[in-house]
Number of protein chains: 4
Amino acid sequence: MPRVTAAAKARLEGTRRTQILAAAAVVFARKGFDRATVTEIARAAGLAEGSIYNYFRSKEELLVYIPRQLAQPVLAALLEQAPMPATVEEMEALLLRLAGAMVERVRTHSRFLKVFFSALPYLSPAARDTYMQLLPMYASSALERMLREGVRTGYLRKDLNPVIAARVLPGMLMFFLMVQEVLTGRRMVPYGYDEIIPEAVRVFLYGAVPRRRASPAG
Amino acid sequence: MPRVTAAAKARLEGTRRTQILAAAAVVFARKGFDRATVTEIARAAGLAEGSIYNYFRSKEELLVYIPRQLAQPVLAALLEQAPMPATVEEMEALLLRLAGAMVERVRTHSRFLKVFFSALPYLSPAARDTYMQLLPMYASSALERMLREGVRTGYLRKDLNPVIAARVLPGMLMFFLMVQEVLTGRRMVPYGYDEIIPEAVRVFLYGAVPRRRASPAG
Amino acid sequence: MPRVTAAAKARLEGTRRTQILAAAAVVFARKGFDRATVTEIARAAGLAEGSIYNYFRSKEELLVYIPRQLAQPVLAALLEQAPMPATVEEMEALLLRLAGAMVERVRTHSRFLKVFFSALPYLSPAARDTYMQLLPMYASSALERMLREGVRTGYLRKDLNPVIAARVLPGMLMFFLMVQEVLTGRRMVPYGYDEIIPEAVRVFLYGAVPRRRASPAG
Amino acid sequence: MPRVTAAAKARLEGTRRTQILAAAAVVFARKGFDRATVTEIARAAGLAEGSIYNYFRSKEELLVYIPRQLAQPVLAALLEQAPMPATVEEMEALLLRLAGAMVERVRTHSRFLKVFFSALPYLSPAARDTYMQLLPMYASSALERMLREGVRTGYLRKDLNPVIAARVLPGMLMFFLMVQEVLTGRRMVPYGYDEIIPEAVRVFLYGAVPRRRASPAG
DNA sequence: CATGAATGAGATTTCATTCAT
DNA sequence: AATGAATGAAATCTCATTCAT
């Protein structure tokens with residue numbers, strides 16, 4: 001005669017796990033994986049150290065499970081739900097939105113991304129793959145399809161390589177974000193994202209070299 | 001009457017330091033800062049543990065001094081020695097060379113950059129600043145001047161923001177490099193840098209949208 | 001619903017601390033502070049090294065807490081509970097008892113006092129003050145009041161300085177005690193305390209110069 | 001064909017040893033034996049670490065040899081050169097001088113006495129005996145003879161125990177000195193030695209109890 | 001003799017993990 | 001399931017001593 005049903009128990013266990021992982025993420029972000037202590041994580045989770053081990057086999061396992069908790073493919077979703085742009089203008093609007101979401105997302109998770117960069121190079125390959133899914137630029141495959149469609153339709157350059165281009169655009173921004181938000185916490189340039197984003201999109205679409213022409217034949 | 005001249009001694013001491021730093025870089029790259037042990041570094045340097053402390057005050061100091069050993073501002077030098085490009089074609093050639101050097105450089109130091117990303121977020125601000133100088137994209141200020149000149153001369157868009165643009169171009173590539181060379185060691189796209197670099201430069205200069213080639217003066 | 005009540009837990013923790021401090025006192029007395037090792041203290045306490053640190057933050061903290069364990073102000077208590085002596089004879093009896101208690105006390109704690117003398121000069125000022133409270137002669141202020149009263153009443157010299165005198169009497173004995181019991185473990189003189197104490201008290205009260213015996217020619 | 005004669009060499013070696021011991025005394029006094037480092041001693045002596053070992057077998061040997069350097073039996077000499085006092089007044093004058101010299105001496109060597117107390121309890125018996133010679137109160141045997149003479153002559157109490165009394169007088173002062181000068185560096189009483197010394201001598205000679213001045217000739 | 005780099009044993013301290021309650 | 005005291009391996013760092021130069 002169990003007090004709680006198996007389902008409720010599973011739910012509770014899930015809750016506990018979530019609670020621990022959330023605490024671990026916070027602590028890892030603050031201290032880095034190696035410098036975080038289980039005691040500290042337990043305290044942040046409102047539990048005793050020993051209790052952690054009722055839910056996870058080791059400290060390392062906490063690291064591996066965190067992404068599954070946090071990774072919500074918002075960017076990919078955003079792209080997949082968006083209608084395929086049919087003109088340059090639609091594409092530009094979409095890219096601006098995409099870039100904005102990316103910035104937003106990175107800034108929100110910047111503390112966690114610290115852990116990411118800190119721990120990733122030394123994780124097992126399996127854990128590493130799990131982790132890489134987090135990278136916003138993995139939304140790139142959706143973007144890639146759109147670019148390919150733009151090339152096909154003709155409003156993008158015929159010789160544009162959609163595979164590369166789909167990674168180049170996020171890369172433009174990612175570096176600002178990584179340096180500013182994740183690595184140093186300082187600005188690299190005296191501009192806000194409201195100026196950086198449009199400039200990057202503009203460069204991506206139109207290049208640095210001036211368009212000859214507001215020719216009527218455009 | 002010292003057995004060795006001061007100069008010879010300084011040279012020897014410098015050599016020892018170099019030898020230790022090289023060993024530390026290798027071990028840090030393999031294990032990450034926190035997981036590397038002084039014993040291991042000493043063994044890699046062919047010394048006893050205690051000997052490390054004749055040359056560096058602490059394990060952390062090793063980390064701080066490594067960049068001074070490795071950081072040679074090749075990129076900045078490359079840009080500063082290059083003649084100011086006077087046409088789009090000259091600019092394109094320069095950017096291709098610059099991008100190539102950047103890729104080369106990152107790949108060469110990839111093992112060290114692992115340490116960089118791993119340790120940076122948790123270093124003291126002072127050490128962090130020292131470290132940031134390493135980033136190839138800090139060559140950006142030289143590039144910024146060239147872009148500004150291009151805008152002034154007229155072969156680049158009048159409304160191009162040179163500050164942002166000078167960071168956007170390296171950013172395009174940096175993300176490939178970081179993910180492929182530093183973080184995962186795997187390719188993100190089925191192309192080599194011989195294809196990625198020209199494509200990125202092309203996007204940067206001419207954009208993704210086709211030039212309206214219709215114009216007779218085109 | 002905790003397994004053990006808070007009170008029981010506090011008691012247990014107190015016990016553990018006491019147990020560790022006792023072991024530390026023994027080891028410190030045998031080896032001196034700097035030569036004692038935490039491992040040795042732990043072994044003496046029947047614990048593992050790490051366990052010490054569940055109760056004390058550092059080896060130095062052990063040193064600071066030991067006195068709080070041992071210091072019971074028996075001497076001061078003895079003096080304060082004693083009725084104010086009204087005659088020379090009562091004073092003499094009191095001093096004999098006081099001196100006896102002091103000797104007893106120093107001999108009992110001689111091993112610990114070794115640590116005391118060894119460590120004190122190099123402790124932080126705060127720890128040093130804590131330690132000084134241990135010195136039996138800090139009972140002096142109670143003695144000082146009694147001497148002052150004796151001067152007022154008239155059975156002690158009018159020009160006696162009670163402040164100095166109250167330290168001079170314990171000092172007479174302390175040096176025997178320190179040299180014999182604490183520093184060398186050897187006798188300085190071929191007499192037991194049963195002879196030393198009365199002689200010291202006699203010198204203190206009546207001096208070395210013979211009393212001019214109520215002789216009429218005095 | 002030696003450059004220097006054997007005698008000169010011996011002298012030089014003696015000088016070197018003296019120089020090292022002086023440096024060691026300074027450093028031991030500042031840090032205590034265990035916390036002093038050979039490097040520090042060498043630096044204080046203006047030599048390299050290794051050179052110390054050309055003159056002493058170990059760090060501990062430095063400790064053992066220091067007293068031979070410092071111990072000049074000034075107090076004993078003072079007493080032995082003094083004419084045997086024939087009256088209470090002469091004895092009082094002598095004791096005042098003796099006490100003054102003792103205070104002077106302890107204050108001068110207070111830094112070194114720190115080492116003394118720190119190291120003594122843990123030295124080998126042989127080294128300990130060497131050290132004990134330093135104690136000013138070892139001048140006591142000379143004082144003892146004088147007291148015995150005073151008893152014999154009759155100006156001191158017939159039942160005075162000269163052996164004990166000769167240690168009681170220095171002890172009176174030693175405790176002030178030890179606490180104030182060596183252990184804490186703080187005053188125990190708001191009086192200078194110019195008041196403490198006469199009071200102590202007065203108590204020693206005449207006691208705390210007033211002389212029965214009843215005698216007309218008193 | 002002088003030097004000081006090299007050594008490595010040993011000390012303190014941390015912390016992931018276990019397990020009796 | 002929860003606890004947290006106990007553990008002890010392991011890490012960093014110190015320093016007396018040696019020895020080639």
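Below, chain A is the first sequence line, B the second, and so on; all start at residue 1. Note that the structure is predicted; figures quoted are calculated from it, not measured.
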Could you check which nucleotide pairs with [N] in any of the strands shown, counting Watson-Crick or G-U wobble with both distances under 3.5 Å?
| N | answer |
| --- | --- |
| E/dA16 | F/dT7 |
| F/dA1 | none |
| E/dA11 | F/dT12 |

Looking for any heavy atom pair under 4.0 Å, which part of the strands does [X] touch: base, sugar-phosphate only, or nothing?
| X | value |
| --- | --- |
| B/Ala42 | nothing |
| D/Ser51 | base |
| B/Ile52 | nothing |

Inset, instruction - Name the residue closer to the 5' end of DNA chain E, choosing between A/Lys59 and C/Ala36 according to the nucleotide with the nearest heavy atom. - result: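 Looking at DNA chain E, the more 5' nearest nucleotide goes with C/Ala36.
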Legend entry - Euclidean distance, A/Asn54 CG relative to A/Leu47 CG, rounded to 0.5 Å: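 The CG atom of A/Asn54 is 9.5 Å from CG of A/Leu47, to the nearest 0.5 Å.
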How many Å lie between [atom1] on [X] and [atom2] on [N], as a whole number?
| X | N | atom1 | atom2 | value |
| --- | --- | --- | --- | --- |
| B/Ile20 | F/dT12 | CD1 | C1' | 16 Å |
| B/Arg57 | F/dC15 | CZ | P | 15 Å |
| A/Tyr55 | F/dA1 | OH | P | 6 Å |

Inset, instruction - Test the D/Lys59-D/Phe33 pair against the cation-pi criterion, namely NZ or CZ under 6.0 angstrom from the six-membered ring centroid and within 45° of the ring axis. - result: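 The answer is yes, since D/Lys59 meets both limits relative to D/Phe33.
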Inset, instruction - Determine whether A/Phe56 and A/Leu21 make a side-chain contact, defined as any pair of heavy atoms from C-beta on separated by less than 4.5 Å. - result: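 Side-chain contact under 4.5 Å: yes.
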Inset, instruction - Check every atom of E/dT17, E/dA2, F/dA2 against the side chain of A/Ser58 and return the nucleotide holding the closest atom. - result: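 Among E/dT17, E/dA2, F/dA2, the one nearest the side chain of A/Ser58 is E/dT17.
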Inset, instruction - Give the nucleotide from the list F/dA9, E/dT3, F/dA5 with an atom nearest to the side chain of A/Glu49. - result: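 Minimum distance to the A/Glu49 side chain belongs to F/dA5.
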Legend entry - Donor-acceptor contact below 3.5 Å, side chain C/Gln19 vs main chain C/Ala45: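 Yes, the answer is positive, given that a donor and an acceptor are paired below the 3.5 Å cut-off.
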Inset, instruction - Considering just the side-chain nitrogens and oxygens of B/Tyr53, establish if one lies under 4.0 Å of OP1 or OP2 belonging to F/dT14. - result: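 It does not, given that no N or O in the side chain of B/Tyr53 lies less than 4.0 Å from OP1 or OP2 of F/dT14.
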Legend entry - First of D/Val38 and A/Ala48 reached from the 5' end of DNA chain F, by closest nucleotide: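 The residue whose closest nucleotide sits nearer the 5' end is A/Ala48.
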Legend entry - Closest-nucleotide 5' rank along DNA chain F - winner of C/Gly50 and D/Thr39: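 First, find each residue's nearest nucleotide; the 5'-ward one identifies C/Gly50.
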Legend entry - D/Arg30 vs D/Glu40, salt bridge (charged side-chain N to carboxylate O under 4.0 Å, His left out): CA-CA, chis, key distance, verdict: CA-CA 11 Å; D/Arg30 194 164 53 227; D/Glu40 199 175 355; 3.5 Å; yes
